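Because the structure is a prediction, the values reported are computed rather than measured.
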Amino acid sequence: MKTKIIVIIYFTLTLNNLVAQSNILKDNSFTVTKLSSEKLQTFLKNKIEGSQFIMLGEQHGIKEVGEITNELYNIGLEYGYNTLCIETDPIAAKTIETIFSKSKNPKKALSELYQEYPYTIPFYNNRNDIKLFENIINHKGKIWGIDQVFMVEFRLIFDYLLKNTSNKQLKKAIEPLLIEAKNNYKTAVEEKNYMAPYIFKYSDELHKELLALCHTEEEKAILISLKATKEIYLHNFQKRYYLNNNERAKLMKNNFLNYYKEATLNKKTPKVLFKLGANHVKKGLNNTNVFDISNMISELAIINGKKSLHIYATGINGMKNMGNPFAPVSVVPFDNTKDLPKEVLENIEGLKEKYLIINTVPLRSITHKLSKEMETLVLKYDILIYIKDCEALEDLETD
């Protein structure tokens with residue numbers, strides 16, 4: 001009899017603990033159908049107030065993330081935000097900013113660029129983020145790009161040099177390289193050959209020859225960025241994955257600091273909204289065992305007596321754009337439920353609204369009650385946003 005009582009008590013305590021564990025997440029989460037929801041707006045305002053940096057970590061290829069970024073930008077305006085930092089190199093970011101600030105028809109200009117150089121700007125060869133960029137430029141905002149040059153972007157970089165330098169010798173040397181880069185891209189896509197793009201032909205010897213022709217620091221910096229990106233990609237293709245990710249992280253940090261130092265000439269603590277892949281936004285060590293740009297940003301905010309806000313936005317299910325010229329089809333279905341922590345699965349079961357928002361900060365004192373997967377998310381991000389029935393980004397070429 002005594003044994004039965006003990007078993008019943010144990011079972012009851014265990015059941016109560018499981019119920020409490022489930023309620024822990026529910027007490028720190030809510031759902032909304034629209035991003036304009038007053039509840040969500042108030043929640044985000046409270047989080048953004050007192051911050052210097054907002055880092056949005058995205059699942060690439062879904063249009064809802066751009067819409068979330070636009071909402072964050074609009075809310076951030078009230079608190080002094082006006083700069084968006086994206087996962088492109090500085091020249092690609094400058095190209096986007098120039099198109100939206102100087103063109104009478106930015107959508108047409110971006111489409112024309114896409115037609116001339118398909119897939120040359122990663123993540124932004126789409127129609128859906130046009131609204132985001134128009135909003136930024138309409139508020140006299142800035143667009144920073146801190147990543148490496150994209151693998152098939154040498155065409156755009158050579159084109160930029162030709163259009164923005166008066167250096168006749170450098171122009172003469174670059175012209176045939178642009179033609180070759182265009183032909184190499186065409187071959188790469190037709191043959192589905194990752195090794196065909198021009199990046200792998202950019203040799204140390206050519207690099208030195210071009211550097212010797214430079215007249216300005218900008219010309220040198222652009223060429224140095226080409227050499228750096230080739231080395232980073234080679235680390236990846238030769239399976240030196242830690243070096244690939246660590247060198248890329250260092251490049252992101254240096255590129256950001258170049259922008260930041262210039263911005264501090266006008267404002268002591270400039271505020272920046274980031275839109276990067278989710279792994280780049282994790283605090284502490286990320287999935288590739290690297291202290292990424294996010295870690296530096298969180299420490300910089302603390303140094304300045306501010307805070308950084310780290311948000312993870314990912315789809316539950318839906319359609320996504322691969323953003324890959326080598327993919328057999330550009331848009332594919334996805335279902336992330338198999339990768340979600342059990343606590344999240346419990347909260348999306350029967351979900352009627354579009355978005356599930358989880359405030360992770362109150363959960364950090366009770367991580368021992370969470371699964372290891374949930375504990376990691378709680379410690380690495382401040383807000384989790386799960387999106388139901390996602391829509392794929394639409395390629396510009398569909399215009």
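- With salt bridges taken as basic N to acidic carboxylate O contacts below 4.0 Å, one links K163 and D159.
- A donor-acceptor pair shorter than 3.5 Å can be found between the side chains of Y81 and S51.
- Distance alone, capped at 3.5 Å, is enough to place a donor-acceptor pair between the K230 side chain and the Y202 backbone.
- Checking side-chain atoms of T264 against main-chain N and O of K267 turns up no donor-acceptor pair under 3.5 Å.
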Report task. Could you give me the CA-CA distance, side-chain angles and deciding distance for Q52 and S308, then say whether side-chain hydrogen bond (donor to acceptor under 3.5 Å, both in side chains) is met? Result -> CA-CA 6 Å; Q52 186 183 358; S308 57; over 6 Å; no
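- Using cut-offs of 30° and 60° for the angle between ring planes, the F154 and Y198 rings count as tilted.
- One finds no salt bridge joining K275 and E87 here, because no Lys/Arg side-chain nitrogen approaches an Asp/Glu carboxylate oxygen to under 4.0 Å.
- Of all the heavy atoms in Y260 and K268, the pair that sits closest is OH-O, 4.2 Å.
- Panel note: side chain N321, backbone V331; no donor-acceptor pair is recorded below 3.5 Å.
- Residues F123 and L393 share a closest heavy-atom pair of O-CD1, 4.3 Å.
- For the side-chain contact (heavy atoms from CB on, under 4.5 Å) with L35, the lone residue among L72, L44, I68 that qualifies is I68.
- Side chain of E153 to backbone of F150: a donor-acceptor contact under 3.5 angstrom is found.
- In terms of heavy atoms, H280 sits closest to I293 at O-CG2, 3.6 Å.
- At least one side-chain heavy atom of I311 sits under 4.5 Å from a side-chain heavy atom of I385.
- Between K380 and V281 there is no side-chain heavy-atom pair separated by less than 4.5 Å.
- Among all heavy-atom pairs drawn from S29 and I358, the shortest one is CB-CG1, 3.9 Å.
- Proximity of I99 to I96: side-chain heavy atoms (C-beta onward) are nowhere separated by under 4.5 Å.
- In terms of the side chain to side chain donor-acceptor pair (under 3.5 Å) criterion, residue partners of K354 (sequence neighbours excluded) are, by chain and number, E64.
- Side-chain polar atoms of Q148 and E247 form no donor-acceptor pair below 3.5 angstrom.
- In this structure a side-chain-to-backbone donor-acceptor pair under 3.5 Å is present from N336 to G315.
- Two rings, from Y185 and Y119, have their centers 6.0 Å or more apart.
- Considering all non-hydrogen atoms of both residues, T120 and V152 come closest at OG1-O, 3.9 Å.
- Q238 places no side-chain N or O within donor-acceptor distance of the main-chain N or O of H235, the cut-off being under 3.5 Å.
- Listed for the N304 side chain is no donor-acceptor partner under 3.5 Å among the backbone atoms of K306.
- Aromatic ring pairs are classed by plane angle as parallel below 30°, tilted from 30° to 60° and perpendicular above 60°; the pair Y386 and Y312 is perpendicular.
- Residues R127 and E134 are not paired through a salt bridge, judged by the lack of any N-O separation under 4.0 Å between the basic side chain and the carboxylate.
- Taking a cutoff of 4.0 Å between a charged side-chain nitrogen and a carboxylate oxygen, K282 and D292 do not qualify as a salt bridge.
- A donor atom on one side chain and an acceptor atom on the other are found under 3.5 Å apart for N126 and D129.
- Looking only at atom types and distance, the side chain of Q41 has no donor-acceptor partner in the side chain of S36 under 3.5 Å away.
- Between the side chain of T367 and the main chain of L363, no donor-acceptor pair closer than 3.5 Å is present.
- A side chain to side chain donor-acceptor pair (under 3.5 Å) with D382 holds for exactly one of R364, H310, K307; it is R364.
- Side-chain contact of N317 with D335: a donor-acceptor pair under 3.5 Å is absent, judged by distance alone.
- Side chain to side chain, H207 and E209 fail the donor-acceptor criterion of an N or O pair below 3.5 Å.
- The aromatic rings of F237 and F200 stand perpendicular to each other, their planes meeting at an angle above 60°, with 30° marking the opposite boundary.
- Ring geometry for F30 against F43 counts as perpendicular: the plane angle is over 60°, on a 0 to 90° scale with 30° as the lower cut.
- Listed here is the closest heavy atom pair of K283 and L379: CE-O, 4.2 Å.
- In summary, E205 and K208 do not engage in a salt bridge, as defined by a charged side-chain N under 4.0 Å from a carboxylate O.
- The neighbour count for K338 NZ, taken as heavy atoms of other residues, nucleotides or ligands under 6.0 Å away, is above 12.
- Between E353 and K388 there is no salt bridge, since no side-chain N of the basic residue sits under 4.0 Å from a carboxylate O of the acidic one.
- For the pair E218 and K94, the salt-bridge criterion is met [side-chain N within less than 4.0 Å of a carboxylate O].
- Remark: K227 engages E231 in a salt bridge, criterion side-chain N to carboxylate O under 4.0 Å.
- For the pair L273/F53, no side-chain contact is recorded, criterion being any heavy-atom separation below 4.5 Å from C-beta on.
- Scored by the side chain to side chain donor-acceptor pair (under 3.5 Å) test, N295 finds no partners at all (sequence neighbours excluded).
- Using modelled atom types, one side-chain atom of E97 and one backbone atom of I143 make a donor-acceptor pair closer than 3.5 Å.
- With contacts defined as side-chain heavy-atom distances shorter than 4.5 Å, the pair N82/K140 does not qualify.
- Using modelled atom types, no side-chain atom of E375 and backbone atom of S371 make a donor-acceptor pair closer than 3.5 Å.
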Query raised in the report: Given the rule in the side chain to side chain contact (heavy atoms under 4.5 Å, CB included) test, do N236 and R240 qualify, once you have shown the distances and angles that lead to the verdict?
Result: CA-CA 6 Å; N236 183 64; R240 299 190 294 264; over 6 Å; no
